[in-house]
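Just below is one structure, and these are the notes that go with it.
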Amino acid sequence: MLTAILCVLGLIAGAAHGEIEAFFGALAGLTAGLWVSARTAARERAVQAHLRELDDKTRWLYEALKARPVAAPGPEATSAVPDEAETPVSTEAAPAVAPAVVEPAAVSTQAAPLDALHAEGTRPATRPQPPATDAAERDDLIRPLATLWSRLMGSNPLARIGVIVLFFGVASALRLAAQAGWLPPELRLAAAVATGVAMIVLGLRMPGEGPRRMFALAIQGGGFALLYLAVYFALARYGFIGPAPAFLLFAALGVACAVCAARQASQVLALLGLSGAFVAPMLASSGQGQYIVLFSYYLLLDAFIIALSWRRAWRALIFAGFLFTFAVGTGWGLRSYVADDYLAVQGFLIAFFVLFTATHVAQTVLRAPGASGWQSGSLLFGPPLAAGVLQAALVQPYEYGAAISAALAGLYYLGLAGLLRSRAPDETLTFRAHAGIGAALLTLAVPLAFDLQMTAAIYAVEGAAALWYGCARASRLTLWAGATLQVAAGFWLAASLDTLTVAWPLLNGRTLGCLLLAGAALSSVRVLRQTGAGADWLPKALTLWLAGWWLFGGLADIDDFVPHDLQPAIALLFGVASAAFSEQQGRARDFITARALAALTLPILWAGSLLAWDQHAHLLYGAMALALPLAWATHLWVLRRQDEDGAALLNTARHVATAWTLLLSVGIEAGSWLADWLPGQDLWGWLAWIAVWLTAGRALQSALSADGEKADVWPWAAAPEAYARTVLWPVAGLLLLTVVALQFGHDGGSALPYLPLASALDLASVAALLWLARSRLLPRTLVGAAGLLWVSALAARGVHHLAGVAWSATAMFQSTLLQATLSLTWALTALALMMYATRRGVRTLWFAGFALLAAVGAKMLMIDLAGAGTVEWTGSLLGIGALILIASYVAPVPPGTLPDGEDTR
């Protein structure tokens, strides 16, 4: 049922912003509910498993004690089972009366303790079996899914879903009928009332257990929800009844629902009925903002829940009332609150706050049967937190409103703690919780009343002192109070940042406050690591806390006082210097969290580079020409030290990211400078990328294929497989893609005159294709196809620049000169392949050349024939014929080879 409640709450929260947000809010609530339900079921299953294990061990102990013989100690009783390794005793020496041999009790190896299994005279009932690791792993994977499925499908889920859908359907029908004027209002409400009453009567008269019981309870809850809906429509939408009769009807419905739920011992019925009652005002709302009626109605519903919880520990029902009340109140405040509503809204907020805080104490003091339902952290800390947020929004116009509210709330909680101390002294945990909340609220009143700046700094220092005292006196409460005080001081300082005056670098309230917070956290981290007190994660969390304040204070001063052009360089140096100090301290003190912070040098490099690029469209400009190399040196220094120490800080991923960051930085910077030096010549930027990919690929392949001492060179030796798989192969692919893209997209024009085969584009393409062919990183077919594309593009660029044919697909296709040139070029390429294949004896390559030659013939028949009779067509025929004759002479088919090496001829 909690799943449905959270789903409805998500729907309500999202509906305040729009229909799409309502859908996603409901989806988020459903997901949260399913997750909570699965976790609860897992805890219950673990408890049941422990109980079964304890029961098995108790049963084993009982059986073992009952089977033990009662006999005087003697030699006969020392061993119930003779040792098979001893020499058999002669039958002639056997005594006349043999002592009774007691069969040792069979012991379950699953239930028995370890020492009992090896006790004298004990034999295992079954031979120990090796643990079923695979089965256990499968159970661990399947069990959460099975639990989730049982939560969804257990106890007749269709009944719950159907009731919820029916409730929203009736509400929608009433609303549409009111808007469209269908049927008299009296008839509409009568139909809703009749449906609700019929559902309640049917549910009460339906016997049965299991799914039938769930169906009966579900339709009863839906019936009560529909009656609430009908009464609320009659009051707030149509005005058929006044507030007094309406609230009498609400009270009667609440009492009836509570009585039915109590008699049938069903929390589900109470949840369905009262949850529908909470949702009814949203469905019946006319937009007139009758908040007095709304909050009075909710106060009455919460009173019903309190009455039910007095004897029933129905925590889910209490939690649902709390969530619905404050969620709806927050939504109304965001949409409809105005200053004139202050007094009434303040009164309702205080009433709700007292209702959900004093009831817990009253039930604890009076030993009410349902007091255990309130023993939840959400119900203890949720009301002051939710009420505090709403109260802060209400008293925002008043200068000391927040401070007075915190002080009064603190005194109120201390009063509740005093009542618990005097009337329920055994409830120490509840007492400490209320006393702690009261002290925290009183402490919070101080900074709310005075300047936040110095208060935050003093509280940070006091928190560090309290944490040290708690570690020295082994007082966990004092320790955690000190840590919490430091966190609160940080939030207070953050809240006061917009009010601080920052006049001098370093010597200002913001920077000094950040330094005090970071210093207090650093002192606390050292104390915690020296004494070993507190949780293991606390020093790590405080380390992150101090790093955040240190970086924020430094970067904020850089932003305020450093000239704009120097900010990226100074910020980058500040960041990497902080990382270097963190690495040095982390290695010296064996603190992995500090070293993990030092591993953030690469993100710092990214941030600094992006800032420099945003300002100057360059990475190495001005002071960055000095700062960026220093930052790179620091990053590589940190990475190498952590590699040498074997620190498991995603080192392999950092190596890969470092390589790609360096490649992209070099390519971007080279392209930017070329664009400045040769404006309007975009080819050189692309050629810079080819140079980067080609140089990186050749260097990386050479380093990874080295043997001996060269193979142990850092950084390649740190992650050779990762460099090959995630850097070298992708670089080869990017190089091929860049070459192919340039053949399609660029005519080869640059600041230099174009000469076929001697242009910058052709030279770069040939170099790239030759290395790709020799490296064998990519399929040869793919590289060969790219080579043929380059040959074709070479012919097209030559015709464009030398013959004046326009660089467009249409003009090129229609040019008979280009078609003839392509035919001759392809034929020459085929001849070269066939000659090379004949010399090397590679039949596959020879047939590839022959296929290209066949493609030339097909092209001449299908495309070139359109230009028959022209000089170009005649020239191509003569040239191709001559080339075929030459090929038949100089490039015959290479001989095949049998498996044993015999020649096939």
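When all heavy atoms of W545 and Q486 are compared, the closest pair comes out as CZ2-O, 3.6 Å. Taking both residues in full, the closest heavy atoms of W310 and A368 are given as O-CB, 3.5 Å, listed atom of the first, atom of the second, then distance. Residues S405 and V395 approach most closely at OG-CG1, 4.0 Å, considering heavy atoms. The two residues L517 and A489 have their closest heavy-atom pair at CD2-CB, 4.0 Å. Considering every non-hydrogen atom in both P397 and L394, the closest pair reads CD-O, 3.4 Å. In terms of heavy-atom proximity, G329 sits nearest to F295 at CA-CE2, 4.2 Å.
Side-chain contact between D614 and L610 is absent, with no heavy-atom pair separated by less than 4.5 Å. In this structure the side chain of L419 never reaches within 4.5 angstrom of the side chain of H434, judged on heavy atoms.
The CH2 atom of W549 sits 14.5 Å away from atom CG of L544, with the distance rounded to the nearest 0.5 Å. Between the OH atom of Y291 and the OH atom of Y337 there is a distance of 9.0 Å, given to the nearest 0.5 Å. Within the model, atoms CG of L299 and CD1 of I306 stand 10.0 Å from one another, a figure rounded to the nearest 0.5 Å. Here the CG atom belonging to L300 is positioned 10.5 Å from the CD1 atom belonging to I305, to the nearest 0.5 angstrom. Here the straight-line distance linking atom OG1 of T511 with atom CH2 of W550 works out to 10.5 Å at 0.5 Å rounding. Remark: L546 CG to L551 CG distance equals 9.0 Å, nearest 0.5 Å.
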- Query: Would D557 and R510 count as a side-chain contact (heavy atoms from CB on, under 4.5 Å) if you check the C-alpha gap in whole Å, the side-chain angles of each, and the deciding distance to 0.1 Å?
  - Reply: CA-CA 9 Å; D557 261 22; R510 181 190 61 201; 2.8 Å; yes
- Task: Report the C-alpha separation of F552 and L493 in whole Å, then their side-chain angles, then the decisive distance to 0.1 Å, and conclude whether the side-chain contact (heavy atoms from CB on, under 4.5 Å) test is met.
- Result: CA-CA 12 Å; F552 171 74; L493 180 62; over 6 Å; no
Output a table of donor-acceptor pairs, distance under 3.5 Å, between side-chain atoms of residues 342-361 and any protein atom two or more places apart or on a different chain; print 'none' if there are none.
from, atom 1, to, atom 2, distance (Å)
Y342, OH, Q346, NE2, 2.9
Q346, NE2, Q391, OE1, 3.3
T357, OG1, F353, O, 2.6
T357, OG1, V354, O, 3.4
T357, OG1, Y412, OH, 2.7
T359, OG1, L355, O, 2.5

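Looking only at distances, a side-chain donor or acceptor of R315 sits under 3.5 Å from a matching main-chain atom of S372.
Residues satisfying the side-chain hydrogen bond (donor to acceptor under 3.5 Å, both in side chains) criterion with W480, sequence neighbours excluded, are absent altogether.
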